[in-house]
2 protein chains.
Amino acid sequence: MKVISVSPESPEPPPPALLVLSAEGERPERADAAANRARILSVAERLFGEKGPHAVTMADIARAAGVGQGTLYRRFPRKPDLCLALMDHQFREFQDATLRELGRMTGARTPRLDQLAWVVERFAAFAEGNLDLLREAQPALADSEAGLPESPPSRWQALTVRGLLQAAIEAGEVGAQTDVVVVADLLLAPLRAESLCFLRHTRAYALPRVIAAMTTLIRSLRV
Amino acid sequence: MKVISVSPESPEPPPPALLVLSAEGERPERADAAANRARILSVAERLFGEKGPHAVTMADIARAAGVGQGTLYRRFPRKPDLCLALMDHQFREFQDATLRELGRMTGARTPRLDQLAWVVERFAAFAEGNLDLLREAQPALADSEAGLPESPPSRWQALTVRGLLQAAIEAGEVGAQTDVVVVADLLLAPLRAESLCFLRHTRAYALPRVIAAMTTLIRSLRV
DNA sequence: GGGTTAAGTGGACTTGTGTCCGTTTATAAT
DNA sequence: ATTATAAACGGACACAAGTCCACTTAACCC
């Protein structure tokens with residue numbers, strides 16, 4: 001989508017709101033707002049890259065982007081929203097590539113459980129590569145006490161794992177009594193930002209080791 | 001310690017600092033400090049019970065306990081420390097009871113994997129019963145970027161699961177190539193506060209259903 | 001072009017966590 | 001009892017996230 005660079009502003013047509021969980025039938029942002037959004041994202045990306053997402057405050061971003069805090073918060077109501085938006089582009093590519101490969105594997109009659117192991121490995125690698133951002137993005141979901149929204153990436157991952165588990169059952173690779181929905185979430189739990197930080201930093205397990213153990217667990221589901 | 005209390009408090013001899021991760025060879029707290037500690041804990045317990053840990057601020061607690069914020073923070077450097085201290089007593093009892101029953105099961109030749117499933121179910125129930133507190137206590141561990149301390153309860157749970165897994169391997173119930181250490185943490189991942197909140201609130205799975213799925217996973221380890 | 005209006009804007013303000021530091025006090029040695 | 005001193009104390013302060021609201025302006029219509 002041609003992200004605009006830091007200071008100079010390109011007068012392109014407003015990037016169709018790819019970066020935000022776009023609702024359909026809404027009128028597009030005003031031009032100045034779109035420009036601000038782009039500048040904010042670009043500035044945030046730079047600052048996060050320089051100092052790490054946690055060390056950069058929303059005020060820093062607003063200042064560097066030359067907008068007021070009110071403006072920043074209008075575009076991105078929470079810091080996690082901003083983090084999610086920054087990951088969005090990268091995640092889409094990741095998602096596409098994953099789906100493509102998965103299609104290929106299915107065509108090649110790769111066992112579903114192998115596909116599942118592969119997918120989980122991919123998810124782990126993605127999470128690892130975006131750990132700081134994910135960690136900062138996390139509170140977006142589980143903030144209030146009651147029911148809370150789930151980020152699209154998280155939802156998609158869960159759906160994918162469910163799908164593969166279900167397919168594995170239908171292929172007779174896994175016991176039919178398995179609670180697909182819940183087991184999918186259990187398998188993904190170690191990849192949630194907080195848990196992965198714990199495994200990688202507190203426990204200091206190397207990523208391949210974590211992946212190997214997850215694979216063990218998955219393969220052990222085979223009947 | 002003679003706690004004064006908000007809700008009536010028993011005038012028992014001071015409970016030797018059970019409530020804090022006590023370092024060994026250190027001189028005991030000054031009497032006034034110990035009294036404040038007790039009062040703070042008692043007040044915090046009441047306020048948390050009334051409004052939920054998240055809705056109670058450290059300032060609230062300091063005020064209600066009749067001490068300055070500086071004093072509060074001297075006793076409990078972080079809010080999570082206070083939460084952990086509040087769970088401490090309850091956790092010790094839980095731990096003792098668990099160990100006792102585990103000993104009984106071992107004596108009765110209960111298969112290690114069954115013990116493991118039972119233990120994990122217990123852990124889940126405990127976590128569920130202290131979710132709010134755990135959630136608030138969580139940041140204690142994973143705050144800074146680098147290596148971070150792990151709470152004693154968390155460590156003990158991990159050690160227990162590791163031990164049972166290892167025993168299961170030695171009993172031939174589980175494949176010997178299993179990475180006991182990492183797999184133990186993977187099995188516990190869904191019980192971390194953040195993950196359990198996600199499962200219970202966002203996904204709205206009933207606790208027994210979560211436990212059943214975890215049990216499935218554990219039993220599938222059987223060779 | 002001028003008017004209307006919803007969207008956008010800036011920055012002061014609120015709230016909560018955690019820090020700092022000058023003052024006070026319990027404890028123990030004299 | 002007196003005094004030394006380390007611990008304890010309290011509350012002002014720093015800092016970050018997120019809210020509010022009076023003011024401005026782009027976009028659309030006549």
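Here is the naming used below: chain letters follow the sequence lines, and residue numbers restart at 1 for every chain. Because only heavy atoms are used, hydrogens play no part in the values below, and waters and symmetry mates are left out as well, while side chains stay in.
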Tell me: CG of B:L72 to C1' of D:dA12, nearest whole Å?
16 Å
Can you tell me how far C1' of C:dG10 sits from CD1 of A:I61, to the nearest Å?
17 Å
To the nearest Å, give me how far apart CZ (B:F76) and P (C:dT17) are.
15 Å
Would you say D:dA16 has OP1 or OP2 under 4.0 Å from some side-chain N or O of A:R78?
no
Select base, sugar-phosphate, or nothing to describe what A:T57 touches, counting heavy atoms under 4.0 Å on all strands.
sugar-phosphate
Gap between atoms NZ and C1', on A:K79 and D:dA17 respectively (whole Å):
9 Å
Mind checking the CG-CE spacing from B:L199 to B:M214? Nearest 0.5 Å is all I need.
9.0 Å
What is the distance, to the nearest angstrom, from the CG atom on A:D60 to the P atom on D:dC15?
12 Å
B:R63 has an atom CZ; how far is it from atom P of D:dA12, in whole Å?
13 Å
Could you pull out the protein-nucleic contacts involving nucleotides 21-26 of chain C (nitrogen or oxygen on both sides, under 3.5 Å)?
residue: C:dT25; atom: O2; partner: B:R30; partner atom: NH1; Å: 3.3
residue: C:dA26; atom: O4'; partner: B:R30; partner atom: NE; Å: 3.4

Does A:R37 place a side-chain N or O at less than 4.0 Å from the phosphate oxygens OP1/OP2 of C:dG8?
no
Please evaluate residues B:D88 and B:R92 with respect to the criterion salt bridge (Lys or Arg N to Asp or Glu O under 4.0 Å), reporting the C-alpha separation (whole Å), side-chain torsions for both, the decisive distance (0.1 Å), and the verdict.
CA-CA 6 Å; B:D88 188 276; B:R92 275 166 204 272; 2.6 Å; yes
Is the NZ or CZ atom of A:R192 positioned over B:F198's six-membered ring, under 6.0 angstrom from the centre and within 45° of the axis?
yes
Picking from D:dG10, C:dT19, C:dT9, the nucleotide nearest the side-chain atoms of A:R75 would be C:dT9
Can you check side chain to side chain contact (heavy atoms under 4.5 Å, CB included) on B:D132 and B:F48, steps first, answer last?
CA-CA 9 Å; B:D132 289 348; B:F48 282 2; over 6 Å; no
In Å, rounded to the nearest 0.5 Å, how long is the span from CG of B:D179 to CG of A:L217?
11.0 Å
Atom-to-atom span, CD of B:Q69 to P of C:dT17 - whole angstrom:
8 Å
Short side-chain N/O contact to D:dC9 OP1/OP2 from B:N36, under 4.0 Å:
yes
Which nucleotide in C:dA12, D:dA8, C:dG18 has an atom nearest any side-chain atom of B:Y73
C:dG18
By side-chain contact (heavy atoms from CB on, under 4.5 Å), which residues pair with B:T71, not counting sequence neighbours?
B:N36, B:V67
N or O in side chain of B:T71 less than 4.0 angstrom from D:dA8 OP1/OP2:
no
Within this structure, what is the CG-CD distance for the pair B:L102 and B:Q95, rounded to the nearest 0.5 Å?
11.5 Å
Roughly, in whole Å, what's the span from NZ in A:K51 to P in D:dA16?
9 Å
